[in-house]
**Student:** 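Structure below; questions to follow.
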Amino acid sequence: MPLEDGDPVRPRRRQVNAEVSAIPRLRGMGDPSLRGTTAPGGSRIDVMAEGWEPGPALGDGDVTPGGAPQRAWQPEEALMTELSELVQKVVNSSSWWERHGVDISILACSFLLLPAGVLTLGVVHHTLTIKGSHLASHNALTESKFWSKVWAIFFIELCSAFTVEQATYNHVKIHHGYTNIIGLGDSSTWKLPFLNRYVYMFIAPLAVPILTPLVALDLLRNVEWKAALRTLCCMFLGFYYHYWLLLHVSGFQSPWSALLCMLVTRSLLAHPYIHVNIFQHIGLPMFAANRKPKRIHLMSLGVLNLPRNPLLDWSFGHSLISCHVEHHLFPSLSDNMCLKIKPIVSQYLKQKKLPYNEDTYSSRLWLFLQRYEELMVHAPPITELVGIQ
């Protein structure tokens, strides 16, 4: 059909096909069902299976459909291939140590340090709950009454989940005031006669982290409501803060793993804790309340020192391990001061022909395994004093 200028009209189908031929053909970018689909204007665009390839080469002055020069519009395959070749050169030139050794060593060290990490958490917990609580109950951390009360609440209630009033009464007033007196300070709270020796000595201590707060809750009935409320708040804060630290600082991924870690670390040194409390008093002379000896005789006869142990000295304190005699004679002294006066006390008692009881941990353990029924199930006999009343 002629135009006004006389030129014939080219078929529209050919014109559109020519325009489309300059557009890169896609491969792998669309649905196979689109292959051969008719484009607007009647053209057909072939969509290939994967990737895409550029159309006919453009001249130096030509631009891509987006308007950018052709040299900046490179296919993805070419870019990735070029980068992969550069990376592969570095990998091939690296040693086995660089490729795998460094990361394997880090993982191996993590496995090896896992017991040390658990041990560290357990030692820290027991240092705060046992050493800290023990010193705070005796006001041995400071000479200030106000700060003594503050530290007692912090260590006994917040860290140990026990009430200050009952801990102070049971330990300071009863145990220290009536050491080895039958029915009062004879450490009977540590006896569970319905358990056999092996369960008591090796299995039952694992329940200490669970039993301690339960016993504390039961004892709250004997204190004023204000003290009970304070204790409940401190117990909750102590447990929750420990749990929060494991989740948000230590990096535990689930609540159950954090709770399991809490149980493991809180029971890590539960065995020596139970053992020490019975080794140092039970099996030594016991007395009736109306026939107890004078204080220096009572403490020299009814208290025993264990040998120094770096782990237990740090976690429990010298006053509970190697200086227990000194601690019972002078309970307001700190652990370090008990260690400092130890030579003086031992020398003085020996000079005055008074007992200064010392024994090893293994020896006491063997003694209790052999005489468990006599010492832990039946009531111990009352000692008859001769010459020192």
Side-chain angles (χ1 to χ4, degrees), residues 126 129-130 133-134 137 156 160-163 166-222 266-267 269-293 298-299 301-306 312 316 319-321 324-325 327-328 331 357 359-384:
H126 286 83
T129 58
I130 298 178
S133 296
H134 186 231
S137 68
I156 299 176
S160 305
F162 217 81
T163 176
Q166 286 297 313
T168 303
Y169 175 79
N170 291 332
H171 181 73
V172 178
K173 301 296 183 182
I174 301 299
H175 176 65
H176 273 265
Y178 301 93
T179 301
N180 285 29
I181 303 300
I182 298 295
L184 292 173
D186 60 351
S187 298
S188 58
T189 55
W190 301 106
K191 297 180 182 180
L192 298 173
F194 56 88
L195 297 178
N196 70 55
R197 65 195 67 198
Y198 298 105
V199 172
Y200 177 84
M201 300 296 285
F202 302 111
I203 299 178
L206 296 174
V208 168
I210 300 174
L211 294 177
T212 298
L214 295 179
V215 172
L217 291 174
D218 181 65
L219 292 175
L220 291 180
R221 298 177 302 173
N222 303 324
R266 288 169 179 253
S267 62
L269 298 180
H271 288 82
Y273 175 66
I274 294 295
H275 294 171
V276 165
N277 277 281
I278 62 175
F279 289 174
Q280 294 178 323
H281 295 285
I282 298 176
L284 297 175
M286 298 285 178
F287 308 96
N290 58 349
R291 299 183 60 185
K292 69 175 184 177
L298 180 65
M299 301 309 174
L301 289 167
V303 186
L304 178 141
N305 284 344
L306 294 171
L312 299 184
F316 297 173
S319 60
L320 289 180
I321 305 300
H324 203 52
V325 174
H327 169 65
H328 268 259
N357 297 309
D359 202 358
T360 64
Y361 192 103
S362 59
S363 175
R364 297 295 287 177
L365 179 61
W366 179 245
L367 172 69
F368 274 80
L369 290 177
Q370 287 184 314
R371 300 173 56 189
Y372 180 81
E373 294 289 330
E374 173 190 348
L375 299 176
M376 304 297 291
V377 177
H378 305 303
I382 295 176
T383 299
E384 295 293 336

**Student:** Can you see which heavy atom on Tyr200 is nearest to which on Lys191, and at what distance?
**Tutor:**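 Here Tyr200 and Lys191 meet closest at OH-N, 4.4 Å.
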**Student:** Closer than 3.5 angstrom, by distance alone: can the side chain of Asn180 be matched with the main-chain N or O of Met286 as a donor-acceptor pair?
**Tutor:** no
**Student:** Show me the pairs that pass salt bridge (Lys or Arg N to Asp or Glu O under 4.0 Å) and involve residues 207-221, at least two apart or across chains.
**Tutor:**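 Sorted result for residues 207-221: Asp218-Arg221.
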**Student:** Is the closest side-chain heavy-atom distance between Leu219 and Asn170 below 4.5 Å?
**Tutor:** yes
**Student:** Using only atom types and a distance under 3.5 Å, with no angle test, would you say the side chain of Ser267 pairs donor to acceptor with the backbone of Ala270?
**Tutor:** no
**Student:** Is any side-chain heavy atom of Val199 closer than 4.5 Å to a side-chain heavy atom of Leu192?
**Tutor:**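 No, every pair of side-chain atoms sits at 4.5 Å or beyond.
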**Student:** If every non-hydrogen atom of Lys292 is compared with every non-hydrogen atom of Gly177, which pair is closest and at what distance?
**Tutor:** NZ-O, 4.1 Å
**Student:** With a sphere of 6.0 Å drawn around OH of Tyr361, does it hold more than 12 non-hydrogen atoms of other residues, nucleotides or ligands?
**Tutor:** yes
**Student:** When you measure from the side chain of Asn357 to the backbone of Leu301, do you find a donor-acceptor pair of N or O atoms at a distance under 3.5 Å?
**Tutor:** yes
**Student:** Ile203 vs Tyr198, test: side chain to side chain contact (heavy atoms under 4.5 Å, CB included). Steps then yes/no.
**Tutor:** CA-CA 7 Å; Ile203 299 178; Tyr198 298 105; over 6 Å; no
**Student:** State, with a plain yes or no, whether a side-chain heavy atom of His175 is found less than 4.5 Å away from one of Thr189.
**Tutor:**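 The answer is no, as the side chains (C-beta and beyond) never meet within the 4.5 Å cut-off.
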**Student:** Flag the pair Phe279 / Trp190 as yes when their ring centroid distance falls below 6.0 Å, and as no otherwise.
**Tutor:** no
**Student:** Any chance you could measure Ile156, atom CD1, to His171, atom NE2, to the nearest 0.5 Å?
**Tutor:**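 Result: 9.5 Å between the selected atoms.
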**Student:** For the CD1 atom of Ile181 and the CD1 atom of Ile174, what is their distance to the nearest 0.5 Å?
**Tutor:**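 Nearest 0.5 Å value for the CD1-CD1 distance: 11.5 Å.
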**Student:** Which heavy atom of Arg364 sits nearest a heavy atom of Ile282, and at what distance?
**Tutor:** NH2-O, 2.9 Å
**Student:** Using 0.5 Å steps for rounding, measure from the CH2 atom of Trp366 to the CD atom of Gln370.
**Tutor:** 5.0 Å
**Student:** For the residue pair Asp186 and Gly183, what are the closest heavy atoms and their distance?
**Tutor:**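 Answer, listing the atom of Asp186 first, then Gly183: OD2-N, 3.3 Å.
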**Student:** Check whether any side-chain heavy atom of His327 sits under 4.5 Å from a side-chain heavy atom of His176, and report yes or no.
**Tutor:** yes
**Student:** Report the distance from atom CG of Leu269 to atom CG of Leu312, rounding to the nearest 0.5 Å.
**Tutor:**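 Going from the CG atom of Leu269 to the CG atom of Leu312 covers 7.0 Å.
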**Student:** Give a yes or no answer on whether the side chain of Ser137 reaches the backbone of Thr168 with a donor-acceptor pair at less than 3.5 Å.
**Tutor:**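 Checked: no pair found.
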**Student:** Evaluate Leu304 against His281 for side chain to side chain contact (heavy atoms under 4.5 Å, CB included), listing each step before the verdict.
**Tutor:** CA-CA 7 Å; Leu304 178 141; His281 295 285; over 6 Å; no
**Student:** Over all heavy atoms of both residues, which pair between Val325 and Asn305 is shortest? Give the atoms and the distance, please.
**Tutor:** N-OD1, 2.8 Å
**Student:** Counting heavy atoms not belonging to Tyr372, are there more than 12 under 6.0 Å from its OH?
**Tutor:** yes
**Student:** Measuring only between side-chain heavy atoms, which start at C-beta, is Asn222 closer than 4.5 Å to Tyr169?
**Tutor:** no
**Student:** NZ/Lys173 to CD/Gln166 distance, rounded to the nearest 0.5 angstrom?
**Tutor:**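 CD of Gln166 is found 13.0 Å from NZ of Lys173.
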**Student:** Please tell me if the side chains of Leu369 and Phe202 come closer than 4.5 Å, counting only heavy atoms from C-beta onward.
**Tutor:** yes
**Student:** Using side-chain heavy atoms (C-beta onward) and a distance below 4.5 Å, is Leu375 in contact with Arg197?
**Tutor:** no
**Student:** Should Pro205 and Tyr273 count as side-chain neighbours, where that means a heavy-atom distance under 4.5 Å?
**Tutor:**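 The answer is no; the side chains never approach within 4.5 Å.
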**Student:** State the OG1-CG distance between Thr179 and Leu284, to the nearest 0.5 angstrom.
**Tutor:**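 One gets 11.0 Å once the value is rounded to the nearest 0.5 Å.
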**Student:** Please answer whether the main-chain N or O of Ile321 pairs with a side-chain N or O of Gln280 as donor and acceptor at a distance below 3.5 Å.
**Tutor:**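 The answer is yes, because a donor-acceptor pair under 3.5 Å joins these two groups.
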**Student:** Looking at every non-hydrogen atom in both residues, tell me the closest pair between Met376 and Ile278 and how far apart they are.
**Tutor:** CE-CG2, 4.0 Å
